[in-house]
Number of protein chains: 2
Amino acid sequence: MDETAPQKGTVTQRAIEQIKGMIGEGRLEPGQRLPTERDLAVQLGISRSSMREAIRALTVLGVLEARHGSGIYVTQLEAGDLLETFGVVADLSRGPQLVELLEVRRVLESTATALAAARITPDQLAEVEKHLTAMNATDDPEVILAHDLAFHREIATAAGNDTMAAILEGLSSRTFRARVWRGYQEEGAFERTRREHAAIHRALVAHDPEAARAAAAAHVGEVEQWLRTQLSDQA
Amino acid sequence: MDETAPQKGTVTQRAIEQIKGMIGEGRLEPGQRLPTERDLAVQLGISRSSMREAIRALTVLGVLEARHGSGIYVTQLEAGDLLETFGVVADLSRGPQLVELLEVRRVLESTATALAAARITPDQLAEVEKHLTAMNATDDPEVILAHDLAFHREIATAAGNDTMAAILEGLSSRTFRARVWRGYQEEGAFERTRREHAAIHRALVAHDPEAARAAAAAHVGEVEQWLRTQLSDQA
DNA sequence: CCGGCAAGGTGGTAGGACCACTATGGCCTG
DNA sequence: CAGGCCATAGTGGTCCTACCACCTTGCCGG
C-alpha cells in the first residue's frame, strides 16, 4: 500500500503543502536551489503543469523565486520577502476595512516611532531629515507622497524590527496611500501634515519615545478620523 | 497599434495584475462569478495554462475562489479571506524573526485586549470564561493549546476590528504556537500562564482597558523573553 | 407535482512540443 | 599564454490538446 497520497484536496494544493513542509523541516535552506520543475513533478508523482501551478503559488507568497533559465530557489525567507503580499490586502480593501487597516497602522506606527526615538542613530536621523526637508520644499503631490513614504519607512527601519517595518510597508503601499491621501490632501491638509511630521521629528531628535508615540498616533489618527467621516457621509 | 500588452514581466504576472486591477477598479464585485478559464484566457490573449497559474496565484492570496465544476468567484475580500496567507509567514519564520513576530503580536494583542475590555458584551465574556475554565480543567497540552487559541481569538473578536483579529489569528497559527509553546510549557509554565490568563480575564470583567493592556502585554512578553533567552543560549 | 437521471459545462490533471533565457565550457584570437 | 567570444546544453516560460472529475441544469418518467 502506497500511502504517500492521502488524497486530500487537489494535487497542486498537496504539492504546495509538501514543498512548504520541506522548508519548514529544514530540508530546504534559504537560498538553496530546488530540483527542476520536471524532476520535482516526477518526485511528487504529478504532472509538470500542476507542479508549475504549485511553484507559481509559492512564488507569489514570497517563498520561492524562479529565475528564468537558471532554476528555482528558496528566498531568504526574510520579513520583506514573505510580507510583500501584505500590500495586496491594502490595495483591495475598501470602505470600513480601510479604517480598520489604518487603525492597525496607527498602533504599529506609533510603536515603531517610539522605538525609533530610543534607538535611532545620527546617520538615520539625517536621512529622516533629508526626506522631511524635501517634502516641505515642493508642492507636487507625487513628490510629497514619495518622500512621505520614505520618511516613515526610514523611521520604521530605525525601530529595529524588520518584521514590523515590512508590515508597515505593506500598509503604506503606493496605491493604498494614493487612494486615501488623494482626497485627504485635497482639503488643504498639507500644512497640518507638515506640523505633524515636524512634531515626530522633534521627538526623534529629543530621543523621547513617549512624545514620538503620541505624535505618530495623532498623525495617523488624523487621517483615520477623516476617512471615518468620509464613509459616514456617503452612507 | 494594440497597446494592451506592455510586455513587462511574464504573461502570467501580467494576467495576475490585470485581474487584480479589475477588482480594484470595481469591475469585479465580491462574490461575483468570473468568466471561465477558457474565456478569460482568450480575453487576455494568453493560453489556458498561463491563465490557470494566474488564477491559482490569486487563489492562494485569498482573492479568488475556484469551485470545481461550478466556476471561479471573487471572495468577499474580507480580512479573513485576504489575511489567511499571513499564517505562512509565521510558519516559515525562524530564529530572530520569531521574536520580531512575537513583538508585533505583543503590540497588537495588548491593544486588542484593551479595546475588548471596553467593548466586550456579556455573551462574549461568557464565551471567554468557557475557554478559560476548560483550559484550567485539563492537563492535556493539545486541549490547553486549543482553548488557549480560542480564548485569545474570542477577545480579538470582541475588540471589534476584524482586520486586527485576522492578523492576530495568523500570528497565532497552530503550527507557530506549537513550535514555540512546546518548549515553553515544558518548563512548567502552566501555572504562570494560568495566572496571566486570569489577570486578563479580571481586567475584561472590570472593563478596565489599561489593566487589560498591561496584562496582555505581560502575557505575550513572557513568551517573548523566554524565546529571546533560548536563542541567545543557542548562539 | 416531484424525484432521479442524463447531458453539458466547468475546473483539474496530464503530457508533449517549442520558445526564451542563462550558464558553462571550449575555441579562437590577440 | 590570456582574454573574450560563441556554440551548446539545460532551465523556466508558454502554448496546445486531450481527458477526467465534479457540479449544475433541465428534461423525463413516475
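Letters go in sequence order (proteins before strands), and every chain restarts at 1.
- If B:Ile72 and A:Arg38 are placed on DNA chain C by their nearest nucleotide, the residue sitting closer to the 5' end is B:Ile72.
- With hydrogens and angles disregarded, no donor-acceptor distance shorter than 3.5 Å links the side chain of B:Gln13 to the backbone of B:Thr10.
- Rounded to whole Å, atom P of C:dA23 lies 8 Å from atom CZ of A:Arg67.
- Between B:Glu53 atom CD and D:dT14 atom P there is a gap of 7 Å when expressed in whole angstrom units.
- Distances shorter than 4.0 Å separate none of the side-chain N or O atoms of A:Thr36 from OP1 or OP2 on D:dG10.
- Of all the heavy atoms in B:Ala90 and B:Leu101, the pair that sits closest is CA-CD1, 3.9 Å.
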Checklist line | Stepwise side chain to side chain donor-acceptor pair (under 3.5 Å) check, A:Glu154 with A:His131 | finding: CA-CA 9 Å; A:Glu154 201 66 33; A:His131 292 296; 4.8 Å; no
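- The CD1-P distance, from B:Ile16 to D:dG13, rounds to 12 Å in whole Å.
- Distance NE2 (B:His68) to P (C:dT10): 13 Å, rounded to an integer number of Å.
- Atom CD of A:Gln124 has more than 12 heavy atoms from other residues, nucleotides or ligands within 6.0 Å.
- For A:Ser50, the listed nucleotide lying nearest its side chain is C:dA14; candidates were D:dG13, C:dG11, C:dA14.
- Listed pair A:Ser47 / C:dA14 meets the phosphate criterion, a side-chain N or O lying under 4.0 Å from OP1 or OP2.
- Atom CD of B:Glu37 is separated from atom C1' of C:dG12 by 8 Å (rounded to the nearest Å).
- At a cut-off of 3.5 angstrom, the base of D:dG13 holds at least one donor-acceptor pair with the side chain of A:Arg48.
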Check: Between A:His197 and A:His147, is a side chain to side chain donor-acceptor pair (under 3.5 Å) present by the stated rule, with each step listed?
Finding: CA-CA 11 Å; A:His197 279 164; A:His147 285 292; over 6 Å; no
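- Nucleic acid contact for A:Ser49: base, since at least one base atom lies under 4.0 Å from a heavy atom of the residue.
- As judged by a 4.0 angstrom heavy-atom cut-off over every strand, B:Ile55 is placed among residues making no nucleic acid contact.
- Protein atom CG of B:Leu44 is 15 Å distant from nucleotide atom C1' of D:dC15, rounded to whole Å.
- Per the geometry, OH belonging to A:Tyr73 stands 12 Å off P belonging to C:dT22, to the nearest Å.
- Dashed line: the shortest gap from a side-chain N or O of B:Thr12 to OP1 or OP2 of D:dG13 is not under 4.0 Å.
- At whole-Å resolution of the value, CZ in B:Arg52 and P in D:dG13 are 17 Å apart.
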